[in-house]
Engineer: 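I'd like to ask some things about the structure below.
Everything numeric here is computed off the predicted structure, so don't read it as measured data.
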Amino acid sequence: MELTEYEEKMYNGEFGEKKAECMDVLVNLGKVYDAPNMIEITSAQVSGVSYKTIGEAGLEFITDLGKDVKVEISSMLNPAGVDLTNWESLGFSKEFTDKQIEITDGYSKLGVMNTCTCTPYLIGNVPLLNDHIAWSESSAVCYANSVLGARTNREGGPSALLAAICGRTPNYGYHHMENRLANKCFIVDHDFKSEIEYGALGYNTGKIINDGNPYFIINSVPSRNNLKTLGAALASSGSVSLYHVEDITPEANIVKEDSSFDDIEVINLESDDIINTVSELSTTDKIPDLVCLGCPHASLDEIKELSELLKNKTLKKDLWICTSIAIKSASDQCGFSNIIESAGGKIVCDTCMVVAPVEDLDYEVIGVNSAKAANYIPSMCKLDVVYASLSDLISMIT
């Protein structure tokens, strides 16, 4: 692999033994994928934060690494396992929270910002078109590649962290335009009416295409929140890291003009495909004990929509909407938080229903409007799930 003079110095230990070890891992990763060189990155997003998912081994790795090195570029954390401020009122144990705080403190010593969100692009980490980055959370990767037109592979948490420390990542995969072309074209004949239908489209398509790059031709004009929902579902039912929507996403025209586009398989999806997928994502028809929104983390617009539905209402069941602490601060200023909390709901920061130990709380059925959450909750939390639109979920619990 060809290295620059600066990269060779890192590799040879001139900036410390730990940094050399990080660079060695990245170089070997690049060799596995035949990367010709390393490439500079502008930001990193690091997963492997919840104590539920990484345990003692992950904590030890982060703590040991933080003794000797720091990240070189802007780096943000994925959601943790609890709301780091209001964990007790949500019912999480002190034992779990203490371990979780050790993990986030360990990342802080490395220089990673404790933003704890899967939507870094909503709070200032917005890479430009064609920027090379190293992001690891599946929905964030899909959004960055597809909606922003930045370039990242679906990094593991450790490889994203090592890339942040070195400011480099191996130059392979989605960093090359030829790997960003479409594999299948989906013509979708459906009049989208709610966010869960975009989630159902993503869930359905992800199972068909697995780790390919779908190209969508659809009747409706999706919002940015719809695109966030679509990508999260694609990445959870399959391993999709990049999709294109005709006349919407930034690389769609480039992809369509490439000669390879003429030869890809075309699949027609009808309304029945979408509606049937919505139905299959629920595992029960019981009323949820908890409605949990914000997977991926909610935007300010989504919180506003929720607040409008909750005006002058009282909740009969628990409701959480998960977001970053930065978006919650904006919600507080706009008055949305007060409306939600007055109805009995809670704005939950730093975590989400997938990586939090909700299975240890007194819930049996969780209501969600996220296909990603509906896919993961039964397996990761061992709980039943109801998949429904935001308005339908609120109607169930008010």
Side-chain angles (χ1 to χ4, degrees), residues 138-139 142-143 146 184 186-210 214 216-240 243 245 248 267-296 298-299 301-302 305-306 309 317 319-322 352-354 363-381 383-398:
S138 61
S139 72
C142 211
Y143 192 96
S146 311
K184 285 183 172 65
F186 293 86
I187 300 176
V188 186
D189 185 15
H190 178 71
D191 182 18
F192 288 87
K193 294 182 173 62
S194 73
E195 73 282 4
I196 62 169
E197 294 174 359
Y198 282 100
L201 172 61
Y203 182 82
N204 189 314
T205 308
K207 290 194 297 181
I208 295 171
I209 202 166
N210 192 19
F216 294 104
I217 300 174
I218 58 180
N219 297 337
S220 305
V221 179
S223 67
R224 286 190 175 270
N225 288 323
N226 295 148
L227 295 173
K228 172 166 71 82
T229 297
L230 173 63
L234 282 164
S236 63
S237 66
S239 300
V240 175
Y243 66 89
V245 180
I248 299 293
I267 297 173
N268 291 287
L269 295 178
E270 309 293 337
S271 281
D272 284 349
D273 298 311
I274 307 297
I275 301 307
N276 291 339
T277 302
V278 168
S279 298
E280 76 177 64
L281 280 166
S282 291
T283 63
T284 182
D285 57 3
K286 295 180 180 177
I287 299 297
D289 308 306
L290 167 70
V291 166
C292 204
L293 311 167
C295 179
S299 67
D301 283 342
E302 289 172 304
E305 182 182 2
L306 174 62
L309 288 171
K317 301 284 185 177
L319 179 145
W320 298 356
I321 182 163
C322 300
C352 78
M353 71 291 283
V354 174
Y363 300 117
E364 295 180 0
V365 180
I366 298 184
V368 299
N369 66 341
S370 160
K372 175 183 177 178
N375 186 30
Y376 285 148
I377 285 171
S379 59
M380 291 187 68
C381 303
L383 300 172
D384 277 319
V385 67
V386 171
Y387 183 61
S389 68
L390 174 62
S391 57
D392 286 345
L393 288 169
I394 297 305
S395 296
M396 290 178 198
I397 62 170
T398 53

Engineer: Would you say E364 has more than 12 foreign heavy atoms packed within less than 6.0 Å of its CD?
Structural biologist: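 At most 12 heavy atoms, drawn from other residues, nucleotides or ligands, come within 6.0 Å of this atom.
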Engineer: Would L390 and E302 satisfy side chain to side chain contact (heavy atoms under 4.5 Å, CB included), going step by step from the backbone distance to the final call?
Structural biologist: CA-CA 10 Å; L390 174 62; E302 289 172 304; over 6 Å; no
Engineer: Below 30° counts as parallel, above 60° as perpendicular, anything between as tilted: where do the rings of Y198 and F192 land?
Structural biologist: parallel
Engineer: Would you say T205's side chain and G202's backbone share a donor-acceptor pair under 3.5 angstrom?
Structural biologist: no
Engineer: Show your working on side chain to side chain contact (heavy atoms under 4.5 Å, CB included) between V386 and M396 and close with a plain yes or no.
Structural biologist: CA-CA 11 Å; V386 171; M396 290 178 198; 4.0 Å; yes
Engineer: Looking at every non-hydrogen atom in both residues, tell me the closest pair between M353 and C381 and how far apart they are.
Structural biologist: O-SG, 3.4 Å
Engineer: Within the structure provided, determine whether C292 and C322 are in side-chain contact (heavy-atom separation under 4.5 Å).
Structural biologist: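 Yes - at least one pair of side-chain heavy atoms lies under 4.5 Å apart.
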Engineer: For D384, does its backbone N or O pair with a side-chain atom of T283 as donor and acceptor, under 3.5 Å?
Structural biologist: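 Here the side-chain-to-backbone pair does not exist.
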Engineer: Please check if the side chain of Y387 supplies one atom and the backbone of E280 the other of a donor-acceptor pair under 3.5 Å.
Structural biologist: no
Engineer: With distance as the sole test, does D273 use its side chain to make a donor-acceptor pair with the main-chain N or O of E270 at under 3.5 Å?
Structural biologist: yes
Engineer: Provide the closest heavy-atom pair for L281 versus A371 in the form atom of the first, atom of the second, distance.
Structural biologist: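 Scanning both residues, the minimum pair turns out to be CD1-CB, 3.9 Å.
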Engineer: Counting distance only, does the side-chain N/O of E197 pair as donor-acceptor with the main-chain N or O of I274 below 3.5 Å?
Structural biologist: no
Engineer: Between S271 (side chain only) and H190 (backbone N and O only), is there a donor and an acceptor less than 3.5 Å apart?
Structural biologist: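 No, S271 side chain to H190 backbone: no donor-acceptor pair under 3.5 Å.
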Engineer: Kindly indicate whether the side chain of D289, heavy atoms from C-beta on, has any atom under 4.5 Å from the side chain of L383.
Structural biologist: no
Engineer: Could you tell me if N226 and T229 have a donor-acceptor pair between their side chains, going purely by distance under 3.5 Å?
Structural biologist: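 The criterion, which ignores hydrogens and geometry beyond distance, is not satisfied for N226 and T229.
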